[in-house]
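Let me begin by presenting the structure, written as structure tokens, before commenting on it.
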Amino acid sequence: MLCLVLASLHRASAQRPLTWDQVKAKFEATNPALKADADNVDEMKAEEVTAYLRPNPQVGITADGTQFFPKNGTWQPTKGTYAVPSINYLHERDRKRELRLESAKEGTRITQSLHEDLDRNMIFSLRAAFVATLQAKFILDLAKADLEYYDKIIDISQARFKAGDLAQIDLDRIELQRVQYESEIETAIVNLRTEKIQLLQLLDDRTPVDQFDVTGPFDSSNDLKPLDDYRQAALAARPDLQATLQTIQQSETNHKLAVANGSTDPTFGTWYTWNSSNNNPNGQQTLGFSVNIPLRVFDRNQGEKARTLIDIDRSRQANEATRAQVFSDVDSAYEVVRSNIALIKPYKEKYNDQSLRVRDAVTFAYEHGGASLMDFLNAQSDFRQVQLTYAQLIGSYLTAAGQLNLAVGSEVIQ
């Protein structure tokens with residue numbers, strides 16, 4: 001009863017195998033590097049508020065006219081004192097605030113695109129680790145199936161030996177061959193645990209390795225669209241390309257802002273005077289107004305105007321370079337996928353079934369004394385090699401498909 005309870009608790013503590021969509025969603029929600037980069041987007045949004053702030057008004061007070069030393073025997077220190085509270089405000093012209101806000105918003109969009117590009121690259125690393133885990137599981141299952149099949153051959157060989165139909169040396173050779181199968185299983189177990197550890201690290205997950213598992217189709221597809229379709233999809237989806245286009249827009253806005261910053265901004269001021277000293281004997285309380293206009297004789301922001309013009313050209317050149325890189329990435333990834341499909345096709349259509357038929361036929365002949373031990377071992381070795389090569393090709397295909405998804409910027413191949 002206690003054993004049943006413990007087994008039930010163990011099953012409850014173990015996680016259900018995660019699909020690719022679940023792994024991806026968990027990664028985007030928990031990966032610390034991705035979350036830290038997302039904070040940059042929030043910081044840029046906060047800078048939009050700063051960019052659109054108006055200049056602060058300046059408030060001051062001036063007191064003057066206080067008699068400091070007596071004169072002619074008279075000392076009335078506060079009789080002539082007058083106070084002047086004032087307020088001044090810098091008025092920004094030529095849409096400076098609006099252009100600063102527009103530039104800040106474009107900066108936010110660029111940061112968002114760069115964040116999506118980081119996500120794109122990290123999802124590729126995640127996908128590669130996921131595929132490697134599926135491949136390690138597949139190879140482990142192959143190794144277990146091979147050992148199970150070989151154990152049946154050992155049982156048959158022992159029966160033949162007892163019947164006097166098999167020599168002791170041949171039986172020993174067959175039983176010694178089992179060590180290789182055991183070694184392959186142990187190696188496959190280590191490889192699977194290693195791949196799971198890598199995947200758990202990317203997910204920032206502390207789940208014990210024995211309780212963590214993933215599931216998904218470990219197979220290839222012949223569904224490959226024309227190259228031009230993937231090129232057009234990449235031009236529309238690649239976030240790094242979008243970031244260069246947004247950088248051009250921001251560079252143009254920054255140039256407009258540099259021109260606007262070269263214009264003159266007047267400062268308006270007004271003040272109130274109590275106990276003023278002026279030509280009006282009844283003017284005890286007065287109002288004043290001023291306008292200060294800087295003379296932009298020397299500094300008309302010439303340097304920033306020239307720099308931002310150069311920056312526009314640099315941004316356009318960077319866009320062209322990124323565009324060329326997009327085509328290169330898509331073309332290279334497409335060719336690798338196409339090549340893997342071509343390599344896998346004969347295995348699906350011929351080699352897998354053929355190696356199985358040869359193994360089964362030679363095994364049947366060996367069981368009935370119609371084939372030598374060497375023939376059986378060679379047939380079994382050929383079958384295992386074909387299956388292992390097929391697993392490696394499927395893994396290469398799925399990794400290449402992930403590379404094509406990375407190049408396009410979206411999951412065009414599931």
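Being a predicted model, the structure only gives us computed values, none of them experimental.
Here the two rings, on Phe268 and Tyr89, have centers that are 6.0 Å apart or farther.
One finds the OG atom of Ser220 at 11.5 Å from the CG atom of Asp223 (value rounded to the nearest 0.5 Å). Interatomic distance, CD of Gln250 versus CZ of Arg109, reported as 9.0 Å (0.5 Å rounding). How far OG of Ser381 is from CG of Leu388: 10.5 Å, rounded to the nearest 0.5 Å. Atoms CG and CD, from Asp204 and Gln201 in turn, are 9.0 Å apart once rounded to the nearest 0.5 Å. The CG atom of Asn254 lies 12.0 Å from the CD atom of Gln249; values are rounded to the nearest 0.5 Å. Asp265 CG to Glu92 CD: the interatomic distance, rounded to the nearest 0.5 Å, is 6.0 Å.
Under a cut-off of 6.0 angstrom, the local environment of CZ in Arg173 is sparse, with at most 12 non-hydrogen atoms contributed by other residues, nucleotides or ligands. When the shell of 6.0 Å around NZ of Lys348 is examined, it contains more than 12 heavy atoms from other residues, nucleotides or ligands.
Side-chain contact of Asn40 with Thr111: a donor-acceptor pair under 3.5 Å is absent, judged by distance alone. Side chains of Thr194 and Asn191: no donor on one and acceptor on the other come within 3.5 Å. Defined by atom type and a distance below 3.5 Å, a donor-acceptor pair is missing between the side-chain atoms of Lys137 and Thr215. Checking Ser355 against Asp382 by side-chain atom types alone, no donor-acceptor pair falls below 3.5 Å. Side-chain polar atoms of Thr207 and Asp205 form a donor-acceptor pair below 3.5 angstrom. Judged purely by distance below 3.5 Å, without hydrogens or angles, the side chains of Glu116 and Gln242 never pair a donor atom with an acceptor atom.
Look at Glu184 and Lys144 and you find no salt bridge, because none of the NZ, NE, NH1 or NH2 atoms lies under 4.0 Å from a carboxylate O. The residues Arg193 and Asp210 are annotated as salt-bridged, a charged nitrogen and a carboxylate oxygen being separated by less than 4.0 angstrom. Using a 4.0 Å cut-off between charged side-chain N and carboxylate O, Glu48 and Arg100 make no salt bridge. A salt bridge links Arg307 and Glu304; the closest N-O separation between the charged side-chain nitrogens and carboxylate oxygens is under 4.0 Å. Taking a cutoff of 4.0 Å between a charged side-chain nitrogen and a carboxylate oxygen, Arg16 and Asp213 do not qualify as a salt bridge. Under the 4.0 Å criterion applied to side-chain N and carboxylate O atoms, Arg314 and Asp311 are assigned as salt-bridge partners. At a threshold of 4.0 Å, the pair Glu320-Arg323 does not count as salt-bridged, since none of the basic side-chain nitrogens sits closer than that to a carboxylate oxygen.
Classified by interplanar angle (parallel below 30°, tilted 30° to 60°, perpendicular above 60°), the ring pair His368/Phe364 is tilted. Ring orientation note: the planes of Phe130 and Trp20 are tilted relative to one another, at an angle of 30° to 60°.
A cation-pi arrangement is absent between Arg231 and Tyr334 under the rule of less than 6.0 angstrom and at most 45 degrees off the ring axis.
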Requested in this report: Go through the steps for Glu47 and Lys105 under the test salt bridge (Lys or Arg N to Asp or Glu O under 4.0 Å), then give the verdict.
Outcome: CA-CA 9 Å; Glu47 295 216 3; Lys105 286 183 175 180; over 6 Å; no
Report task. Show your reasoning for whether side chain to side chain donor-acceptor pair (under 3.5 Å) applies to Thr267 and Asn292. Result -> CA-CA 5 Å; Thr267 300; Asn292 294 319; 5.5 Å; no
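Scanning all heavy atoms of the two residues, the minimum distance from Leu18 to Lys26 falls at CD1-CD, 4.3 Å.
Exactly one of Asp165, Asp155, Asp170 qualifies for a salt bridge (Lys or Arg N to Asp or Glu O under 4.0 Å) with Arg160. That residue is Asp165. Screening Tyr366, Tyr149, Tyr181 for a side chain to side chain donor-acceptor pair (under 3.5 Å) with Gln380, the sole residue that qualifies is Tyr181.
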